[in-house]
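All of these numbers come straight from a predicted model, not from anything done at the bench. In what follows, chains carry the letters A, B, and so on, assigned in the order in which the sequence lines appear, proteins first and then strands, with residues in each chain numbered from 1.
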Amino acid sequence: MSRYDPKVSEPKWQAAWNGAGCFEVRAELDRPKYYVLEMFPYPSGRIHMGHVRNYTIGDVIARYKRARGFNVLHPMGWDAFGLPAENAAMERGVHPATWTYGNIDAMREQLKSMGLSIDWSRELATCHPSYYRHQQRLFLQFLEAGLVYRKESWVNWDPVDQTVLANEQVIDGCGWRSGAPIERRKLSQWFFRITAFSDELADALDGMDGWPEKVRLMQRKWIGRSEGARVFFEVLGRDERLEVFTTRPDTLFGASFCALSPHHPLTAELAAANPALRDFVAECDRLGTSEETIERAEKQGFDTGLRVRHPFLPDRILPVYVVNFVLYEYGSGAIFGCPAHDQRDLDFARKYGLDVTPVVLPTGQDPATFEVGDTAFVEDGTLINSAFLDGLDVAEGKRASIARLEALGAGKGTVQYRLHDWGVSRQRYWGCPIPVIHCPSCGAVPVPVADLPVALPDEVDFSQPGNPLARHEGWKSVACPGCGGAATRDTDTMDTFVDSSWYFARFCAPQFEEAPLDPAALDYWMPVDQYIGGIEHAILHLLYSRFFMRGLKQFGYSREAEPFAALFTQGMIGHETYRDPDGKWLSPDEVEKDSDGGLSTRDGRPVTLGRVEKMSKSKRNTVDPTTIIGNYGADTARWFMLSDSPPDRDMEWTEAGIEGAWRFVQRLFRIVTGAAPSLPAAGSPLPAAFGAEAFALRRQVHKAIEQVGRDFESFGFNKAVARLYELTNALAGFRAADEGDRWALREACETLARLGAPMIPHLAEELWHRLGRDGLLTDQPWPAFDPALTRDESVTIAVQVNGKLRAKLDLARDLDETSVREAALAEEAVRRHLDGKPPRKVIVVPNRVVNIVA
RNA sequence: GGCCGCGUGGUGAAAUCGGUAGACACAGCAGACUUAAAAUCUGCUUCGCGGUAGCGCGAGUGCCGGUUCGAGUCCGGCCGCGGCCA
């Protein structure tokens, strides 16, 4: 018998789908839509296993929903701007555009070989002027709406990439891409006013039940809404007040000092006249801006000599320090320190010998003896030593303190967020140019819409570090659109997160030219019904997209404020790691398994097996999807991806696993094609009667239809795989003897193909064809199950004595309780365990269990 | 340190509403076919004890306790792993 050859079948069916235009869709208002989207890839040049998993999951959903009658939008594009293209230009002298478009061509071919049900007519690349032109238009609309602004600000400067990074792109004080330690610099930057939506972005999370709770929590924390108060302290000898922010106005009576951020304006003013303070600030700067580093660093302060007056106690005078643990970006950049109830303040107070007065008493403690040692008391309790607040709890104390501050004009209740506005200026070439012209007399002037796009110049010089656009005089110099005078373009480009903040909306009408987005198309397709991608984008990309969507709504492009109705985050793919005797990492194809299970290199040196880790170039434990698809075909790769591990969990790629999937693909082909010649003609009428075997097979078939459908709806692909294994096993052991048997066998074979189609689409088409069916299986609706066949008429009931299984009964479904009880008590094993005594109690759970209490 | 998630055979896992723990697969073992190997097919495979065997008994879902006729599932405490935040 011939083997299934994916090298022949897969291109054949891909061509057939392509020729029939199966996946090219348009808005059809009378049909329900379903928009499936996987996070679009960065065109690095090759797909990796993470992509295979991501796009396989999405494709199963897309194909399943399509069979279920939905008008499915499943597009693909390229997140094509970004630094690697420039690195390639610097290292290899290839133009970023050439490099990027070449990579896109290569990866498109790889993705196509997976047999994905993608509407390729909608393909877009963010680096193409036909895309970024619209992005520039959107930028100007955000600008007009006051949602984009320019300000001087401290930035995280990546000295290796020579660019600015957003706070969230700084990880452990280092650039997220380069890994280089970050420096602080002050630059003029463009910002998206994401904080205009802080409350809304946080509040809307509550209703987003299609998102994992984990991601919603991460976003909520990122936004970091906290309620507190601004408190004004009178500065002695100066005609000004120091404003501090606190989340604990209830602890004001425990204040023993005030502290300024090294970047507070007052610090700068004092430092101008004080070299020692200047040195201290410089030392703080070396810490970087990472909150974690700052938190871990030893608390240090510098007494400015300034003194302030306590707002409630005119006689209480507090010292003002500049400290290394207060962030200028958060709150007002100044705090009051209450050592007894804040750990950082306590560490600081102990170091500098400041007063520690407890003002919150833990429940059950005696105020006369309660003392704070090395650990601040941060929980709820009763306020003491606090005049009019005494006796209140923390929440009441906050309210009362704020009320008094407001009455005295010494403060105000306020809400603070951790979220900052989104700085998007990047000093790079390969990004979307910011469509603004700087004129000496008119200031920052938007590029007129008619002049868009502001296209990137082709001629660029990458021989020096820094931004080639800033050195490109021919491109930079323009006439001011306002006054006509000599002016220069903004030479920064946008953070690539801007590109990915609206691509999903552009997919709705990617060729629409009049405007960035077609409101009618968005109205039909948006929101994305199912978004699928990695957890690493849980905060930034998803939060920026949610912000952008609110802008798009405001500009009338969208009626929806949320882009993604449901989100699924897939797990990572791991692989064993290997090292040679020198400790160097080895790739899986450099390692051989000996007959006794030991590992060695091809030249016979011993190999140390390391633990399973996420596939990465540095550990060399990657497996190339092209090789896998070349050797086994796309269906085998897809099948293994979906088997065994639930898709949200990390999975391990193994040789044995892919071999097992390959064997299944072959087995399924063998069984179905082996049975095909003996089957009744396709579409033969239902026989009048079935034998017991055929009836049992039909039951299993219809149960599988019900279960696999349910599994797909709930992302239980591993369970769907298990059901199809079961069905295949049943089919393999089935011997058809009469016409009814053969009819049931055809039904089983066809069902197997149809249920498997979303996961192994090429093989399913091949089987459908070999079973004598015309047309494409891809165009077939999802099979319906007969509810009469999914309910067994007899059930197995477990009989327990004192909760322990003693017997099993095969009884008619829904048999009356008395009969079930009798049957259970009549069991020999039950009688043995009852030891002749009457049962004390018998619990009968219909169709499931009988528990006899002895 | 805080918050969240997860702990089930040799391995990945399943158990949908508190009701037969281990479906399905991988790996392993035994057998059939074959000159042989591969492939394929059949069977076994949670652990312990007893029995020639069918089978019986006991234990068992990280640990300790609780609720319940009945707990992998619910509750409390602990331990371990992972993630996020600090």
Side-chain angles (χ1 to χ4, degrees), chain A residues 1 3 168 171-172 212-224 290-297 325 327 343-344 375-376 378-379 418 535-536 538-539 569 571-572 574 576 593 597 611-614 639-640 642-664 666-667 670-671 674 704 706-707 710-711 713-714 716-730 732-733 795-810 828-829 832-833 839-854:
Chain A
M1 183 180 302
R3 295 216 303 179
E168 44 270 39
I171 295 146
D172 293 334
E213 186 53 45
K214 181 175 50 173
V215 175
R216 290 195 276 173
L217 186 72
M218 282 163 75
Q219 292 214 347
R220 205 172 279 122
K221 288 201 154 192
W222 191 263
I223 294 165
S290 152
E291 288 175 37
E292 190 187 343
T293 316
I294 288 167
E295 188 68 23
R296 278 194 210 280
F325 59 88
L327 293 171
Q343 192 60 48
R344 290 177 313 179
T375 308
V378 297
E379 284 152 57
R418 213 182 77 98
I535 187 76
E536 65 273 19
I539 296 175
T569 54
M572 294 183 305
E576 288 178 337
K593 266 208 169 80
R611 37 176 242 169
V612 175
E613 304 209 50
K614 184 193 175 184
W639 184 255
F640 176 49
L642 299 165
S643 306
D644 295 344
S645 293
D648 54 339
R649 226 178 280 184
D650 290 351
M651 72 169 283
E652 185 191 348
W653 185 273
T654 60
E655 184 71 11
I658 189 72
E659 288 286 347
W662 167 253
R663 283 199 298 271
F664 173 74
Q666 291 299 334
R667 181 164 181 251
R670 198 164 51 239
I671 290 168
E706 183 181 28
Q707 287 167 334
R710 190 160 44 206
D711 291 337
E713 298 281 356
S714 62
F717 307 119
N718 55 323
K719 293 189 255 175
V721 164
R723 311 263 176 252
L724 296 192
Y725 270 116
E726 278 173 329
L727 189 53
T728 307
N729 290 343
V795 289
T796 304
I797 293 177
V799 182
Q800 302 172 334
V801 178
N802 290 334
K804 281 184 180 153
L805 183 69
R806 296 300 175 192
K808 291 179 187 182
L809 295 170
D810 277 318
E828 200 256 304
R832 187 154 26 100
H833 285 275
R840 290 202 299 173
K841 194 173 174 187
V842 179
I843 291 117
V844 179
V845 182
N847 300 322
R848 281 203 183 263
V849 78
V850 178
N851 192 11
I852 297 156
V853 185

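C17(B) sits 15 Å from C75(B) when the P atoms are compared, rounded to a whole Å. Rounded to the nearest Å, the gap between the C1' atom of U35(B) and that of C29(B) is 25 Å. Comparing G10(B) with U45(B), their P atoms sit 15 Å apart, to the nearest whole Å.
The glycosidic torsion of C33(B) lies more than 90° away from 0, placing the base in the anti range.
Distance N847(A) CG to U20(B) P: 13 Å, rounded to the nearest Å. Rounded to an integer number of Å, the gap from CG of L805(A) to C1' of C69(B) is 15 Å. When rounded to the nearest whole Å, the span between CZ of R220(A) and P of A86(B) equals 17 Å. In this entry the distance linking CZ of R216(A) with C1' of G5(B) reads 15 Å, nearest Å. Between the CZ atom of F664(A) and the P atom of C41(B) there is a distance of 12 Å, given to the nearest Å. For the pair M651(A) CE and A25(B) C1', the computed distance is 12 Å after rounding to whole Å. Distance F640(A) CZ to A27(B) P: 11 Å, rounded to the nearest Å. As a whole-Å value, the separation of R649(A) CZ from G12(B) C1' is 9 Å.
Annotation: side chain of I852(A) is not in contact with side chain of H833(A) (no heavy-atom distance under 4.5 Å). In this structure, the side chains of V853(A) and I843(A) come closer than 4.5 Å at one or more pairs of heavy atoms.
R840(A) comes within 4.0 angstrom of no nucleic acid atom, judged by non-hydrogen atoms across all strands. As judged by a 4.0 angstrom heavy-atom cut-off over every strand, V845(A) is placed among the base-contacting residues. Looking at heavy-atom distances under 4.0 Å, R832(A) makes contact with sugar-phosphate atoms alone, never a base. Within 4.0 Å (heavy atoms only), N729(A) reaches sugar-phosphate atoms of the nucleic acid but no base atom. Here E726(A) lies in heavy-atom contact (under 4.0 Å) with sugar-phosphate atoms only. Heavy atoms of T654(A) sit nowhere under 4.0 angstrom from any nucleic acid atom. In this structure, K214(A) reaches neither bases nor backbone, as no heavy-atom distance under 4.0 Å exists between it and the strands shown. Within the nucleic acid shown, S643(A) has no heavy atom closer than 4.0 Å to any nucleic acid atom.
Ring pair F640(A)/W662(A): centre-to-centre distance not below 6.0 Å.
Side-chain proximity of H833(A) to the nucleotides C41(B), A14(B), C57(B) is greatest for C57(B). When the nucleotides C57(B), C4(B), C85(B) are ranked by their closest atom to the side chain of W222(A), C85(B) comes out on top.
The base of G70(B) has none of its N or O atoms less than 3.5 Å from a complementary donor or acceptor on the side chain of N851(A).
For the 3.5 Å distance criterion, the side chains of N802(A) and R840(A) fail to qualify, holding no donor opposite an acceptor.
Note on E713(A) versus R710(A): no salt bridge recorded, every NZ/NE/NH1/NH2 to OD/OE distance being 4.0 Å or above.
At A14(B), one or more side-chain N or O atoms of N718(A) fall inside 4.0 Å of OP1 or OP2 (strictly under the cut-off). Residue K804(A) places at least one side-chain N or O closer than 4.0 Å to OP1 or OP2 of A59(B). Close to A15(B), at under 4.0 Å from its OP1 or OP2, lies a side-chain N or O of K719(A). Within the structure, a side-chain polar atom (N or O) of R418(A) is placed less than 4.0 Å from OP1 or OP2 of A86(B).
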How would RNA chain B look in dot-bracket form, 5' to 3', counting Watson-Crick and G-U wobble pairs with both distances under 3.5 Å and writing | for bases paired to another strand? (((((((..(((......[....))).(((((.......))))).(((((....)))))..(((((..]....)))))))))))).
